[in-house]
Amino acid sequence: MTELEQDLPSAQRDRREKLERLQAAGVEPYAAHFHRTHTAAEALSLLGPEPEAEGGPVTVAGRLMVKRVTGGMAFARLRDGSGDIQLVAQRDVLGEPQYEAFLELDPGDLIGAVGRLRRTRRGEPSVWLESFQLLSKSLRPLPEKWHGLRDVETRYRQRYVDLVANPEVRNVFVTRSRIISAIRSLLDSNEFLEVETPVLQEVPGGGHARPFVTQYNVLHRDFYLRIALELYLKRLVVGGLERVYEIGRVFRNEGLDRTHNPEFTMLEAYQAFADYQDIMTLTEDIFRVAAEAAGGSLEVTYQGEKIDLRPPYRRARMADLVREATGQELAGKELADCYEEKVEPGIRQPTFVIDYPVEVSPLARRRSDDPRFVERFELVIVGREHANAFTELTDPIDQRRRFETQVAEREAGFEEAHPFDEDYLRALEYGLPPTGGLGVGLDRLVMLLTDQPSIRDVLLFPQLKEEG
RNA sequence: GCCCGCGUAGCUCAAUUGGCAGAGCAGGGGACUCUUAAUCCCAAGGUUCUCGGUUCGAUUCCGGGCGCGGGCACCA
């Protein structure tokens, strides 16, 4: 034993000693391959409902979770990607050496096993072992079998342990995957083309946020990690890809809290010959298929609050909401600021907030009947922005003026003003068809549909500081 | 960046109004051939996050630091 091993906690030291004993006995503790015939769930489905039913033989493989030994007979729970199944080992069947080897196994070990299916006297469907094989020796003890892993810092830093120890955490991420898959299917079946655009950008446009900066050595230039997908996707619509979408990571160099992580996943979709009214319908469809994928019901509970996701969603003008809440008649940035502070947190049920001031919407088309406002909406649920959409600004002359206004704001000290993008203007000058665009923060959508209070609970590896 | 709270065994948690830090689980030894958080017996396991201060004595009180959580600011 090395000095390092002597310093280990006893549970880890004992496992390393076991490993050495196994190797000394000629056992390979890390198998190259193992072919199973059935998952745990498939094996269980082979067994009929009657108490005396039998099935198999089956070859299963997974992680040993808990072991109970009663003399010449031992029980263990095996967990694989499909679920759990009990293993039964008997000295009389396996023979002394194999049985002793089974008793040496630790919770956490990955094993493969062959046996027939039958229930125990207590009715537990089980694989009655004829043989088994160690596939990967686990050198660290699993968290407590009853309470699981609670410490949130360890859960986030060592998500692999969290996923093993806490099945409900696994379910959140399975649901996340199903939600995103369902959204893809919806868009694909509506003739949207999934595309990929640059993550490293020279002009970080499409939103208002502080970007992360990096250096491209060969070009001797600073590049930025994208803060949005918007401008590249609209370039593609100029090019004739009339319906495009991208699901991708964006990066914002800002604070961390329950609803913000510096990298997060955004869906953006652009549809030529559509306006923001059409995009409201698309948004309702996206939220409907997402909720169906997450559990079926459009009436969900978020942190104890009933939320009704059945379309159509309420439409409300921002200026009306502010007047109702405060009695004030505001316009421009003041209106948007007041709305965000006083009104938005109180909007609980799905609401399309419409008619944003042009000052806070440099990429959106003005309303024809009132050019102080744009054809834009945000979808607000439980007081949070879940989607942002507008009829796109297609007029290159107006767009140039808007960029110039933004540059002036930047020079006045507003760091998050939209940067000037000459190439984007060149694209608009070739002609962008009338287009509606949508952005959805998928992490917040997953939070809503899986009832998770923090964005960290829907990100596999949330941002944390350096381990202390 | 600011304010508040928390940090004890591999895991889940106790306790110390400043005086030898203690359980369960996991791990070790033993009994047990139908267990389900198996049960029973025995032994082991600690830099009480870290650095300093006060004190005869600090895990406890005070201060700095680190990390995590919550709130604020930022996220138009």
Side-chain angles (χ1 to χ4, degrees), chain A residues 7-18 64-77 84 86-94 99 103-108 118-126 128 138-158 161-162 164-166 207-211 227 250-262 264 332-341 344 356-357 359-362 378 384-385 388 406 409-410 414-418 441 453-456 462-468:
Chain A
D7 288 340
L8 288 173
S10 64
Q12 287 186 48
R13 198 176 57 229
D14 292 336
R15 286 181 184 221
R16 285 182 189 254
E17 288 169 3
K18 268 188 202 175
L64 205 64
M65 296 307 291
V66 60
K67 198 175 63 177
R68 288 180 287 272
V69 182
T70 62
M73 196 168 188
F75 304 84
R77 191 158 73 237
D84 292 357
Q86 178 166 268
L87 306 180
V88 180
Q90 289 174 284
R91 180 183 280 134
D92 300 345
V93 175
L94 288 175
Y99 185 71
L103 297 187
E104 282 271 285
L105 292 173
D106 289 306
R118 184 156 45 87
R119 286 190 174 75
T120 63
R121 275 178 212 160
R122 297 285 180 85
E124 181 75 29
S126 306
W128 296 71
S138 171
L139 296 180
R140 287 174 183 264
L142 289 176
E144 219 256 1
K145 63 186 174 189
W146 184 243
H147 299 94
L149 178 63
R150 290 285 171 77
D151 181 72
V152 289
E153 185 173 351
T154 309
R155 286 187 45 226
Y156 297 150
R157 287 196 197 281
Q158 302 180 43
V161 182
D162 193 24
V164 169
N166 299 327
H208 302 272
R210 204 168 302 219
I227 60 168
V250 299
F251 307 84
R252 297 188 176 180
N253 204 342
E254 280 151 5
L256 291 154
D257 64 28
R258 279 195 338 280
T259 57
H260 295 88
N261 194 71
F264 63 101
K333 270 206 166 77
E334 278 187 339
L335 172 63
D337 288 345
C338 180
Y339 158 76
E340 288 203 357
E341 187 188 342
E344 191 177 68
Y356 276 64
E359 290 85 350
V360 299
S361 314
E378 286 191 2
R384 294 176 190 156
E385 174 193 338
N388 179 23
Q406 293 291 316
E409 290 193 10
R410 179 177 295 267
F414 180 51
E415 282 189 57
E416 282 90 34
H418 198 288
S454 170
I455 195 170
R456 298 180 195 101
Q463 188 66 44
L464 298 176
K465 292 188 192 170
E466 192 179 351
E467 196 165 347

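None of these values were measured; they are calculated from a predicted model. Chain letters run A, B, ... following the sequence lines, proteins first, then strands; residues in each count from 1. Side chains are part of it too, since the values below use all heavy atoms of this structure and drop only hydrogens, waters and symmetry mates.
Taking only side-chain atoms of A/Asp92, from C-beta outward, the nucleotide of B/C68, B/U33, B/U35 with the closest atom is B/U33. Taking the side chain of A/Phe75 as heavy atoms from C-beta on, and the options B/G69, B/U35, B/G71, the nearest nucleotide is B/U35. Side-chain proximity of A/Asp106 to the nucleotides B/U33, B/G67, B/G28 is greatest for B/G28.
On the C1' atoms, B/C6 is 15 Å away from B/U50, given to the nearest whole Å. To the nearest whole angstrom, the two P atoms, one in B/G27 and one in B/U39, are 13 Å apart. B/C51 and B/U59 have their P atoms separated by 11 Å, given to the nearest Å. Comparing the P positions of B/G69 and B/C32 gives an interatomic distance of 49 Å, to the nearest angstrom. Comparing the C1' positions of B/A21 and B/A58 gives an interatomic distance of 13 Å, to the nearest angstrom. Taking the C1' atom of each, B/A43 and B/G67 are spaced 36 Å apart, rounded to whole Å. Distance check on atom P: B/U47 versus B/G63 gives 26 Å, rounded to whole Å. Comparing B/U60 with B/A14, their C1' atoms are spaced 15 Å from each other, to the whole Å.
Pairing for B/C11 is with B/G24, a Watson-Crick or G-U wobble pair whose two hydrogen-bonding atom distances lie under 3.5 Å. The partner of B/U60, taking Watson-Crick or G-U wobble pairs whose two distances both stay under 3.5 Å, does not exist in any strand shown.
Toward the 5' end of RNA chain B, the nearer of the two residues A/His260 and A/Gly72, judged by each one's closest nucleotide, is A/Gly72. Sequence order on RNA chain B of the closest nucleotides to A/Asp151 and A/Ala336 puts A/Asp151 first from the 5' end.
Close to B/G28, at under 4.0 Å from its OP1 or OP2, lies a side-chain N or O of A/Lys18. When the side-chain nitrogen and oxygen atoms of A/Arg456 are compared with OP1 and OP2 of B/G69, one or more of them lie within a distance under 4.0 Å. Residue A/Arg68 has no polar side-chain atom (N or O) positioned under 4.0 Å from OP1 or OP2 of B/U35.
No side-chain heavy atom of A/Arg150 sits less than 4.5 Å from a side-chain heavy atom of A/Asn166. Here the side chains of A/Glu124 and A/Arg77 are not in contact, with every heavy-atom distance at 4.5 Å or above. For the pair A/Tyr99/A/Asp92, no side-chain contact is recorded, criterion being any heavy-atom separation below 4.5 Å from C-beta on. The shortest side-chain heavy-atom distance between A/Glu254 and A/Glu416 falls under the 4.5 Å cut-off. Put simply, the side chain of A/Ile455 does not reach to within 4.5 Å of the side chain of A/Pro462, judged on heavy atoms.
On a pure distance criterion of 3.5 Å, a polar donor-acceptor pair joins the side chain of A/Thr120 and the base of B/U35. Between the side chain of A/Gln86 and the base of B/U35 there is at least one donor-acceptor pair of N/O atoms closer than 3.5 Å.
Counting non-hydrogen atoms of neighbouring residues, nucleotides and ligands closer than 6.0 angstrom, the CZ atom of A/Arg410 exceeds 12 such neighbours.
Across residues 138-146 of chain A, A/Pro141, A/Pro143, A/Glu144, A/Lys145, A/Trp146 each have a non-hydrogen atom less than 4.0 Å from an atom of RNA chain B (numbered order).
When all heavy atoms of A/Gln86 and A/Ser126 are compared, the pair lying nearest together is NE2-OG, 3.0 Å. Nearest heavy atoms, A/Gln406 versus A/Glu359: NE2-O, 4.1 Å.
Remark: A/Val360 pairs with A/Lys333, A/Ala336, A/Tyr356, A/Pro357, A/Arg376 by the side-chain contact (heavy atoms from CB on, under 4.5 Å) rule, at least two apart or across chains.
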Any N/O pairs under 3.5 Å between the protein and nucleotides 41-49 of chain B? List them or say none.
none

